[in-house]
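Dumping the structure here so I can ask a few things about it.
Everything quoted here is computed from the prediction, not taken from an experiment. Just so we're on the same page: letters track the sequence lines, and every chain starts at 1.
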Amino acid sequence: MPELPEVEVVRAGLAPAVTGAVITAVEVLDRRSLKRHDPAVGDFERLLAGARVSAAVRRGKFLWLPLDDETAAGDRAGARAIVGHLGMSGQMLLRTPDHPGDDRHARVRLNVEHPEHGELRIDFVDQRIFGSLAVDRMGPTDDGEIAGFSASVTGEWARSIPSQVSHIARDPLDPAFSDDLFAARLARRASGIKRVLLDQGVVSGIGNIYADESLWAVRLHPEQLASSLSRRRTTELLAAVRDVLGRALVEGGTSFDAQYVNVNGASGYFAHSLNAYGRGGEPCPRCGGPIRREAFMNRSSHYCPKCQRRR
DNA sequence: ATACACGCCTGCTGGC
DNA sequence: TGCCAGCAGGCGTGTA
């Protein structure tokens with residue numbers, strides 16, 4: 001499901017409930033959801049029992065909960081975090097402990113005790129199991145800047161990132177995102193711009209929906225060579241990406257069905273605002289010509305061939 | 001460096 | 001009603 005706006009909605013919903021909370025019990029209902037957990041780091045359940053969560057942080061589509069481990073003073077070498085990725089169908093549902101456990105696709109449950117909110121339960125629900133939870137080691141960010149978006153991580157600790165996320169580029173809403181670096185990366189790419197937007201090592205957080213929407217907004221053909229864009233066009237594209245992601249975030253994300261929901265199970269409303277994605281055959285809201293849907297990387301691209309010309 | 005295929009999973013929809 | 005193909009918001013690996 002989730003691209004940056006959807007994951008941010010989840011992160012923001014989780015943050016007040018988990019920050020400062022102690023994990024009291026872990027129930028793994030389906031080990032397949034731990035496929036990205038490296039056993040060499042330790043046993044998933046044992047590492048988490050009794051650990052305290054210090055924040056909820058996000059970069060692109062990855063989110064993580066840094067653990068306030070009891071380590072020797074000043075020694076963060078053993079610092080760890082729970083890394084979560086929602087894949088295509090993952091959800092994090094915030095519940096009271098007595099909530100009936102009737103979710104068909106509940107995979108992992110974290111029971112926590114929060115100093116103010118008391119006992120809570122976080123259910124990781126994931127129909128397709130493309131998502132995962134893992135306990136991962138933290139390391140320094142390669143640029144020395146704050147690792148990702150959160151409201152509460154401060155100080156040196158904020159400049160640490162889970163190893164599984166270290167290869168992921170910053171996302172366009174990250175204050176430390178470098179527009180120049182982005183432009184330089186595009187200039188070196190002899191491939192279609194959509195492919196590059198989807199490359200999480202170039203820019204993170206953008207998936208199929210928001211790639212199509214951003215390209216529609218600036219009238220770029222998905223197969224236009226990234227290296228052919230002028231700096232001015234690159235700047236316009238980046239502005240469109242930020243605009244689309246920002247508006248989707250305000251509307252609570254894009255929901256086509258009950259798959260994408262926030263921590264309370266509620267859907268977002270941005271689906272009503274889509275101009276190209278999922279509108280194959282319908283008239284382009286700008287020029288009236290039919291939106292085309294075509295195969296792309298085992299999925300689909302949606303664009304207006306009339307006003308998104310390839311140059 | 002880059003592109004493509006494929007595996008990882010489940011469930012829904014449409015055509016026959 | 002059944003069956004099968006195709007499709008769905010993503011990522012990582014392996015191969016050419």
Side-chain angles (χ1 to χ4, degrees), chain A residues 1-10 29-38 58-64 83-92 103-108 124-134 136 162-169 171 184-214 222-223 225-227 241 244-245 248-249 251-262 267-271 273-274 276-281 293-302:
Chain A
M1 44 147 121
E3 303 180 33
L4 187 153
E6 294 76 31
V7 180
E8 174 56 22
V9 165
V10 170
L29 308 173
D30 193 327
R31 311 289 312 177
R32 292 176 298 176
S33 287
L34 303 186
K35 62 189 170 189
R36 298 189 67 190
H37 175 79
D38 179 2
R58 180 192 55 74
R59 175 187 287 205
K61 305 171 196 172
F62 282 82
L63 59 92
W64 65 92
V83 177
H85 197 291
L86 302 178
M88 294 278 260
S89 55
Q91 308 171 348
M92 300 266 197
D103 278 299
R104 200 167 160 196
H105 304 298
R107 310 296 185 190
V108 180
F124 180 67
V125 178
D126 187 9
Q127 178 197 103
R128 294 176 68 185
I129 322 186
F130 284 1
S132 63
L133 294 182
D136 193 15
S163 69
Q164 290 181 13
V165 192
S166 62
H167 68 295
I168 300 295
D171 63 66
R185 282 171 170 163
L186 290 205
R188 274 190 270 115
R189 285 298 194 104
S191 46
I193 183 60
K194 178 169 175 180
R195 190 181 305 283
V196 180
L197 285 182
L198 293 177
D199 185 339
Q200 306 297 300
V202 171
V203 54
S204 67
I206 305 170
N208 210 30
I209 296 177
Y210 299 115
D212 283 356
E213 290 302 303
S214 301
E223 297 292 349
L225 285 189
S227 57
V241 167
V244 169
L245 295 179
L249 186 50
E251 299 216 34
T254 301
S255 303
F256 299 123
D257 50 37
Q259 287 283 34
Y260 168 67
V261 291
N262 67 13
S267 294
Y269 293 95
F270 195 68
S273 306
L274 297 174
Y277 185 85
R279 301 204 177 281
R293 173 184 169 196
E294 64 184 39
F296 174 80
M297 290 171 79
N298 283 332
R299 36 182 129 155
S300 301
S301 273
H302 313 76

For this session: Write down the distance separating the P atoms in C:dG9 and B:dT2, rounded off to the nearest Å.
Result: 24 Å
For this session: Just jot down the ring pair (Phe, Tyr, Trp, His ring centres under 6.0 Å) partners of A:His37, sequence neighbours excluded, or say none.
Result: A:Phe44
Exercise. Can you check whether A:Leu274's main-chain N or O pairs, donor with acceptor, with A:Arg279's side chain at less than 3.5 Å?
Worked result: yes
Exercise. Within the side chain of A:Glu213, is there an N or O that forms a donor-acceptor pair under 3.5 Å with the backbone of A:Ala276?
Worked result: yes
Problem set entry | Rounded distance (Å) that lies between atom C1' of C:dG10 and atom CG of A:Leu133 | 15 Å
Problem set entry | Whole angstrom value for the distance that separates C1' of C:dG10 from CG of A:Asp126 | 11 Å
Exercise. Are A:Asp212 and A:Lys194 close enough, and set up right, to give a salt bridge (charged side-chain N to carboxylate O under 4.0 Å, His left out), and what steps lead you there?
Worked result: CA-CA 8 Å; A:Asp212 283 356; A:Lys194 178 169 175 180; 2.7 Å; yes
Exercise. Just by modelled atom types, is the A:Gly205 backbone N or O under 3.5 Å from a matching donor or acceptor in the A:Gln200 side chain?
Worked result: yes
Which atom pairs, one a donor and one an acceptor, fall under 3.5 Å between side chains of residues 185-193 of chain A and the rest of the protein, sequence neighbours left out?
residue  : atom : partner  : partner atom : Å
A:Arg185 : NH1  : A:Val202 : O            : 3.2
A:Arg189 : NH2  : A:Asp199 : OD2          : 2.6

For this session: Extract, from 5' to 3' on DNA chain B, the first and final nucleotides lying under 4.0 angstrom from some heavy atom of chain A.
Result: B:dT2 to B:dG11
Exercise. Which comes earlier along DNA chain B counting from the 5' end, the contact point of A:Gly192 or that of A:Asn298, where each point is its nearest nucleotide?
Worked result: A:Gly192
For this session: Using the P atom as the reference point in each nucleotide, state the distance between B:dC6 and C:dA5 in Å, no decimals.
Result: 16 Å
For this session: Starting at atom CZ of A:Arg293, determine the distance to atom P of C:dG9, rounded to an integer number of angstrom.
Result: 9 Å
Problem set entry | A:Ser255 side chain vs A:Gly268 backbone, donor-acceptor pair below 3.5 Å | yes
Exercise. Does C:dG10 have A:Phe130 stacked on its base, where the ring centres are within less than 5.5 Å and the planes differ by under 30°?
Worked result: yes
Problem set entry | C1' atoms of C:dC3 and B:dC8, separation to the nearest Å | 24 Å
For this session: Would you check if the side chain of A:Glu6 reaches a backbone N or O of A:Gly253 as a donor-acceptor pair within less than 3.5 Å?
Result: no
Exercise. Say you draw a straight line from NZ of A:Lys61 to CG of A:Leu86; how long is it, rounded to the nearest 0.5 Å?
Worked result: 11.0 Å
Problem set entry | Distance in angstrom units between A:Leu197 CG and C:dG9 C1', rounded | 16 Å
Exercise. Which parts of nucleotides 11-16 of chain C does protein reach within less than 4.0 Å, heavy atoms only, written one letter per nucleotide 5' to 3' as B for base, S for sugar-phosphate only and - for none?
Worked result: SS----
Exercise. Are any of A:Tyr210's side-chain N or O atoms less than 4.0 Å away from OP1 or OP2 of C:dG9?
Worked result: no
For this session: State whether the aromatic ring of A:Phe256 stacks on the base of C:dG9, taking stacking to mean ring centres under 5.5 Å apart and ring planes under 30° to each other.
Result: yes
Exercise. To the nearest Å, how far apart are A:Lys194 NZ and C:dG10 C1'?
Worked result: 13 Å
Exercise. When you match A:Met297 and A:Arg188 each to their closest nucleotide on DNA chain B, which lands nearer the 5' end?
Worked result: A:Arg188
Seminar exercise, completed: With sequence neighbours left out, the residues meeting side chain to side chain donor-acceptor pair (under 3.5 Å) with A:Tyr277 are none
Exercise. So, does A:Arg128 use its side chain to make a donor-acceptor pair with the main chain of A:Ser89 at under 3.5 Å?
Worked result: no
Problem set entry | Stems involving DNA chain B, each a run of at least 3 consecutive Watson-Crick or G-U pairs under 3.5 Å | B:2-8 with C:10-16, B:10-16 with C:2-8
Problem set entry | Nearest-angstrom distance from the residue atom NE2 of A:His302 to C1' of C:dA8 | 10 Å
For this session: With salt bridge (charged side-chain N to carboxylate O under 4.0 Å, His left out) as the test, would you mind laying out the steps for A:Asp136 and A:Arg36 before giving the verdict?
Result: CA-CA 9 Å; A:Asp136 193 15; A:Arg36 298 189 67 190; over 6 Å; no
